[in-house]
Structure formats: C-alpha cells, structure tokens
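Heavy-atom basis, side chains included; hydrogens, waters and symmetry copies ignored. Counting begins at 1 with the first residue of the sequence. Predicted model only: the values in this text are computed from it and were never measured.
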Amino acid sequence: MATPSSKAGTKGVPREHRRRQMLEAATEEFGRHGYAAASLPAIAARVGVTKTLLHQYLGSKEDLYVACLVPVGDRLLGAVREAMGEGGTAPHTPLRVLHGIFTALEGRREAWFVLYDTTLPPGGEAASRASEYWAAIDRLAAGGTAELLSAAGSTDPLDADALKYVWRDLVATLVRWWVKHPEQTPEAMTQRCARLFAAAATLTPEGRSA
C-alpha cells in the first residue's frame, strides 16, 4: 500500500502546504509589525486556522519566529556571498550586493525586517539566531567596505568600521523605501541606487567640478 506524500491538514489542505501558508503569513506579520507587536491570532486568521492549530504546527511565538527567520537569513546571507564573489573582488560590488538583496527579497520585501528586528526578547533563541546572521553579514560587509576604502587610499580601520555601520543603515533605509513603492523592480532599484551613488560622489571635494 502506497504511503501518502503528505498528510492532510484542516479542510483537506495538505499539512506541508498549510505549514507554508502559516510561515508566509507569519513572515509578513513579523516583518510589518516586529516581533513584540506581532499578533498570533492575526496570523492564524489570515491562514484561516485557529491559534491553537498554529501552535500545534509551529510551537510558541518564538518558535514561529525562528522558523520564519532561518529561510530569510539563509537566503539573504547567500545572496550577499554570491554577489561579493570570491574574496569580495567582484566588480561594482556594492551594486551587485544591493541587486542580490533586492532579488532575494522580491515578493517578500518585509522579510528584511524579520532578520533585523529590534524588538526581539534578549537572551532567547530568536535573538541568538538573529545575531548569528547579523554577525555573518557584518563580517562580509566589513571585508567589502575595507576593500573599497583601501582602493580609495584609506587604511584607517575606524573608517572601515564607520562605513560598515553606514552601509547597514543605508540598505535598511533603501529596503524601507522599496516596501512603500511596490512597483519598483529589483533591477529598477539597482539602477536607482547607481544614480544616487553617482550623485553622492559629486558632493565630495574630489567629486566637485571646478
């Protein structure tokens, strides 16, 4: 007798499909409202299940957050690594990284704020897992910004550290703007960033025309 490929959940929906629906709804809820304000009843209602069933499938609120975080963190970390290339030497690395991030987030833009959630309870698994992703992405950013500064003639480690923080906030700000402009594709956003970077370069003493 053949074994069914998936166990049916409520209303005849296969269990794994129902779980994916819950994770998609939870990712949007956490991304829009943050961990502290996210509502489990709202997540359950969006999927058409009870809060009790949501707990049965995915455990506590923190368990649910971690289940959303891991695929988001893996996807974004992988996108940054691929965009930077071996040793971070790929040409036009900042724009490649931004394009990789935008592409990874397309269709789920709020997921960025699942990874960078400032409302996570300290000391728990959620904060611990998120900090692991932050540290891994920061290490990549630190290497990339140091190489950019070195190419520009700066070897000051504090310059590199400051630029790493500027870069993190810049990406978050761009993603936040992008969420408000759903018509903008990843390619359009990358082109816009190229124009903004070119304009910003003219604001520096070296970039001003005589």
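- Ala126 and Leu120 get closest at one heavy-atom pair: O-CD1, 3.9 Å.
- Both Leu105 and Leu23 sit in one connected hydrophobic cluster of ILVMFWY residues. Membership requires side-chain heavy atoms under 4.5 Å apart, directly or through other members.
- For residues 126-135, the pairs satisfying side-chain hydrogen bond (donor to acceptor under 3.5 Å, both in side chains) are Asp74-Tyr133, with sequence neighbours left out.
- Remark: Gln184 engages Trp177, Trp178, His181, Ala188, Met189, Arg192 in a side-chain contact (heavy atoms from CB on, under 4.5 Å) (not counting sequence neighbours).
- Under a hydrophobic clustering in which Ile, Leu, Val, Met, Phe, Trp and Tyr are joined whenever their side-chain heavy atoms come within less than 4.5 Å, directly or via other members, Met22 and Val70 fall into the same cluster.
- Side-chain contact check for Val47 versus Leu53: every heavy-atom pair is 4.5 Å or farther apart.
- Annotation: side-chain contact (heavy atoms from CB on, under 4.5 Å) contacts of Thr155 (sequence neighbours excluded): none.
- Judged as a ring-ring contact (aromatic ring centres under 6.0 Å, His included), and not counting sequence neighbours, the contacts of Tyr65 are Phe30, Tyr35.
- With sequence neighbours left out, Ala42 forms a side-chain contact (heavy atoms from CB on, under 4.5 Å) with Glu29, Ser39.
- Side-chain atoms of His33 never come within 3.5 Å of backbone atoms of Ala37 as a donor-acceptor pair (strictly under, hydrogens ignored).
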Determine, step by step, whether Leu115 and Ile137 satisfy the side-chain contact (heavy atoms from CB on, under 4.5 Å) criterion, reporting the C-alpha distance in whole Å, the side-chain angles of both residues, the deciding distance to 0.1 Å, and the verdict. CA-CA 11 Å; Leu115 177 58; Ile137 292 175; 3.8 Å; yes

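- Linking ILVMFWY residues whenever their side-chain heavy atoms come closer than 4.5 Å, directly or via other members, leaves Tyr165 and Phe197 in distinct clusters.
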Can you check side-chain contact (heavy atoms from CB on, under 4.5 Å) on Leu69 and Thr27, steps first, answer last? CA-CA 8 Å; Leu69 168 69; Thr27 298; over 6 Å; no

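- Counting only residues at least two apart or on different chains, no salt bridge (charged side-chain N to carboxylate O under 4.0 Å, His left out) pair has a member in residues 172-191.
- Both Ile101 and Phe113 are assigned to one and the same hydrophobic cluster, defined by single-linkage of ILVMFWY side chains at heavy-atom distances under 4.5 Å.
- Identified under the salt bridge (charged side-chain N to carboxylate O under 4.0 Å, His left out) test for residues 49-71, with sequence neighbours left out: none.
- Listed by first and then second residue, the side-chain hydrogen bond (donor to acceptor under 3.5 Å, both in side chains) pairs involving residues 101-124 are Arg32-Glu110, Glu106-Arg109, Asp117-Thr119 (not counting sequence neighbours).
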side-chain contact (heavy atoms from CB on, under 4.5 Å), that's the test. Do Leu40 and His55 meet it? Break it down for me. CA-CA 9 Å; Leu40 295 186; His55 282 305; 3.5 Å; yes

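- When all heavy atoms of Ala111 and Val72 are compared, the pair lying nearest together is O-CG1, 3.4 Å.
- With a 6.0 Å cutoff to the six-membered ring centre and a 45° limit on the axis angle, Arg18 does not count as a cation-pi contact of Tyr57.
- The two residues Ala26 and Cys68 have their closest heavy-atom pair at CB-SG, 3.5 Å.
- Interatomic distance, SG of Cys193 versus CG of Leu174, reported as 4.5 Å (0.5 Å rounding).
- Every residue two or more places apart in sequence or in another chain that forms a side-chain contact (heavy atoms from CB on, under 4.5 Å) with Ala136 is listed here: Leu77, Arg139.
- Across every non-hydrogen atom of Gly123 and Ala127, the tightest pair is N-CB, 4.3 Å.
- Sorted by first then second residue, the salt bridge (charged side-chain N to carboxylate O under 4.0 Å, His left out) pairs that include residues 155-168, not counting sequence neighbours, are Asp138-Arg168, Asp161-Lys164.
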Give the intermediate values and the outcome of salt bridge (charged side-chain N to carboxylate O under 4.0 Å, His left out) for residues Glu82 and Arg96. CA-CA 9 Å; Glu82 182 178 357; Arg96 284 174 56 90; over 6 Å; no

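- Residues Val97 and Leu163 do not share a hydrophobic cluster, clusters being chains of Ile/Leu/Val/Met/Phe/Trp/Tyr side chains in contact below 4.5 Å.
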